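Here's the structure we're looking at; comments come further down.
These numbers come from a predicted model, not from an experiment. Chain letters run A, B, ... following the sequence lines, proteins first, then strands; residues in each count from 1.
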Amino acid sequence: MLQNGNWFPRIPCFLSLLMLPQLLIKHQSSYSFNSIIRTHLSSGHPEKALTNFTQFKEQGLLPDNFTIPSLLKLCFELNQPSIHGENIHAFAIKTGYLQDIIVSTGFVELYFNYGHFSASYQLFDEISERDVVLWTAMVSGFSHNGLGDQSVNFLSRMLREGIKPNRITLTSVLAACSQLMVLNLGRSVHGFSIRNGIFKADDVVLETAFVDMYAKCRNLIYSSRVFDRMRERNSVSWNAIITGQVNYGSSEAALRLFREMMYENKTEPRSSTLASVLQVCGGTTDLRRGREIHGHAVRSCRRSNLDSLVENNALIDMYAKSGDLNSAVLLFQNVRNKNLVTWTTMISGYGMHGLGKEALKAFDEMKKSGINPDGVSFIAVLSACSHGKLVDEGLQLYISMQRDYKIQPEMKHFACMVDLYARSGLLEQAFGFIEKMPVEPSEFIWAALLSSCRIYKNVELGENAAKKALTYDQYNAGVYILLSRIYADSGRWEDFSMVRLFMKELGLKPVTARSWVEVERKVYTFTVRDNLNPYSKKIYNLLETLKEKMEKGGFDSDRSGGGHNNISEEENESDLCGHTEKLALAFVLIKCGGHQGPIRIGKNLRVCTDCHESFKFISKITNREIILRDPNRYHQFKQGSCNCCDFW
DNA sequence: ATAGGGTTAG
């Protein structure tokens, strides 16, 4: 594709243009077209840019080195066959424009955008005189493609070759540090930027990148320290610290910061910030707090004359994520001018609750109402299919996405498809799909396959997937855990111990299981074999009684649901499952057994079959609805059955 | 006279 990039002679185009009067005219009109196309692109109107480019061609003009970078952006943004990246590439080689480092940097970026990073690399390799911008494009390209280690490699390579990184390079590499969760490296980038005078006071973007990096490396202390010292903050900065607190810090801090931002009244919250804060309620299944933030959101939207649609969309999302699908649907039905986001939010809400059919229905209604789906809404509906075990429907949608809507599938779509097949037990199809993918599969693709290999006990494919996933991140504890469970499930205890030993040597620990529940305005958290709680004796007694009742009631706690099998007893006693959700449930029953209304429990790991069965039974004998949220979806237990139909 | 790389998060 990119052969012989270097032997084309540099065309002295400006000289020939000056020598020929006709061409001077051509040059002038190219200039104005180039400028107009550029303007449309940067103001977010790629269609207008395309119209201008069409006129440009109709006048018999040919793209030059100034046109090509814009064309590449256009090519990526519109995804139209009339402007094809590889054709432009061939053209650039033929005309010699590829010799121009600005043009070639554009191609490097284009290939990165399509996830085709080996093409980017090859091109980079063929460029002899590399400048900071090209190096930075490599650093950011790799990090955007989830290859943080390569991104960091390129930074050290450029340092070795004596190219001094600038503030943009460092901002890019910080994103990689976040991905890799390498706090120490992030800190040294921070120090480097100060020592070398790259960081200057009030560089909001770079400072925000530090805040974000520290938060994502799970160090909220450093993150807050940088944030607190910032003199200027924009909405991205606030977003970084608030979502940081939501994800890895404390909900209280997130809420406090949100209030502070509102009080300061200098920065309008982004819809993503609102959604993040609302997620605090989703995370703790705490509706009361959600309503409080709802109030803030309403006031903020009123003040800024923000379209109330943004607010409604965030609220629908909040209710769906808090497990209150009914409120979400009610709100959704009352929104008059539903936009693409409204529909997508509702579709993913249905998906999370395992209602694949409803998600499909909403998707069709959306199309009928004249709104065309985009890539994101396809992700929502595809994952709904995957959770609803609707393999054929999902496949049809995937085909239609490309055929009818000309949407090029991206890594996330590929991941949905792999999950769609694998979750339904079609492991070979999932593997076949991965092999046929036009881009190199990312870590998550292999992780998706791996987790289904565990469910369906496929050791061979599981080992393979784990190996692939670990080539991206050797320190991914989740991968080792899944692999060890696969071994445990098939009785391969030696292999199991080996993986665990290996983990220990790498200093990796399994995630501690945690469940939480809100009772009387307080959130109680339960971890494995929790004896600290003053109620623990009562809790364990109640669980024992319930277990006996279950056995008498003919509930086989070893029955496997949806292909999920229980891990062995040793495993249950370790920190893998811990049945913390059972502790939480027993606690609620003891504290407020007489109450009615649904019990909402949250959990940081996927629910195991044993707990799932118990919850079904308990919902029946106590005649209460139980809503259990795991990281992926909701389970709604009612009268002895769950809305997931034992498939999750 | 025109062009290439950056922070959120979905």
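- Taking the side chain of A:Glu109 as heavy atoms from C-beta on, and the options B:dT2, B:dT7, B:dG5, the nearest nucleotide is B:dG5.
- A donor and an acceptor atom sit less than 3.5 Å apart, one in the side chain of A:Asn166 and one in the base of B:dG5.
- Below 30°, between 30° and 60°, or above 60°: for A:Phe332 and A:Trp343 the angle between ring planes is above 60°, a perpendicular geometry.
- Between the side chains of A:Ser172 and A:Ser140, no donor-acceptor pair is found at a separation under 3.5 Å.
- The CG atom of A:Asn113 sits 12 Å away from the C1' atom of B:dG5 (whole-angstrom rounding).
- Aromatic ring centres of A:Phe154 and A:Phe124 lie closer together than 6.0 Å.
- Across every non-hydrogen atom of A:Leu360 and A:Leu397, the tightest pair is CD2-CD1, 3.6 Å.
- Put simply, CG on A:Asn313 is 15 Å from C1' on B:dA9, counting in whole angstrom units.
- In terms of phosphate contacts, A:Lys73 brings a side-chain nitrogen or oxygen within less than 4.0 Å of OP1 or OP2 of B:dG4.
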Query - Full working for side-chain hydrogen bond (donor to acceptor under 3.5 Å, both in side chains) between A:Ser237 and A:Thr208 - result: CA-CA 5 Å; A:Ser237 330; A:Thr208 302; 3.0 Å; yes

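- Look at A:Lys216 and you won't find any side-chain N or O under 4.0 angstrom from OP1 or OP2 of B:dT7.
- Proximity of residues 171-195 of chain A to DNA chain B (heavy atom under 4.0 angstrom from any strand atom) is restricted to A:Thr171, A:Ser172.
- At whole-Å resolution of the value, CZ in A:Phe76 and P in B:dG5 are 13 Å apart.
- In the set B:dT7, B:dG4, B:dG6, B:dT7 carries the atom at the smallest distance from any side-chain atom of A:Ala209.
- No side-chain donor-acceptor contact under 3.5 Å links A:Tyr214 and A:Arg225.
- Going from atom CG of A:Asn339 over to atom C1' of B:dG10 covers 13 Å, rounded to whole Å.
- Side chain to side chain, A:Asn34 and A:Asp64 meet the donor-acceptor criterion of an N or O pair below 3.5 Å.
- No close placement of the A:Tyr111 and A:Phe117 rings is indicated, their centers lying 6.0 Å or farther apart.
- For the segment residues 129-148 of chain A, the set of residues with a heavy atom within less than 4.0 Å of an atom of DNA chain B comprises A:Asp131, A:Val132, A:Val133, A:Leu134, A:Thr136, A:Ser140, A:His144, in numerical order.
- Between A:Phe91 and A:Tyr97, the angle of the ring planes lies from 30° to 60°, which puts this pair in the tilted group.
- Pairs engaging residues 158-186 of chain A under the ring pair (Phe, Tyr, Trp, His ring centres under 6.0 Å) rule: none recorded [sequence neighbours left out].
- A:Asn34 comes within 4.0 angstrom of a nucleotide base, judged by non-hydrogen atoms across all strands.
- Rounded to an integer number of Å, the gap from CD1 of A:Ile241 to C1' of B:dT7 is 14 Å.
- Closest to the side chain of A:Thr169, from the set B:dT7, B:dG5, B:dA3, is B:dG5.
- Taking atom CD1 of A:Ile68 as the reference point, atom P of B:dA3 lies 15 Å away to the nearest angstrom.
- No hydrogens or angles considered: nothing links the side chains of A:Asp317 and A:Thr345 as a donor-acceptor pair under 3.5 Å.
- Atom C1' of nucleotide B:dG10 and atom CD1 of A:Ile242 are separated by 17 Å, given to the nearest angstrom.
- Applying the 4.0 Å criterion to OP1 and OP2 of B:dA1, one finds that A:Arg38 has every side-chain N and O outside that range.
- Not counting sequence neighbours, the partners of A:Leu340 by the side chain to side chain contact (heavy atoms under 4.5 Å, CB included) test are A:Thr344, A:Met366, A:Ile371, A:Asp374, A:Ser377.
- For DNA chain B, the residues of residues 227-239 of chain A within the heavy-atom distance limit of 4.0 Å (strictly under) are A:Val236, A:Asn239, sorted by number.
- For A:Tyr31, the side-chain atoms get nearest to B:dT2 when compared with the rest of B:dG6, B:dT2, B:dT8.
- Note on A:Thr243: a side-chain N or O is less than 4.0 Å away from OP1 or OP2 of B:dA9.
- Here B:dG6 presents its P atom at 14 Å from CE of A:Met158, a figure rounded to the nearest Å.
- Partners of A:Phe227 under the ring-ring contact (aromatic ring centres under 6.0 Å, His included) rule, at least two apart in sequence or in another chain, are A:Trp238.
- Checking the phosphate oxygens (OP1, OP2) of B:dG10, no side-chain nitrogen or oxygen of A:Lys412 falls inside 4.0 Å.
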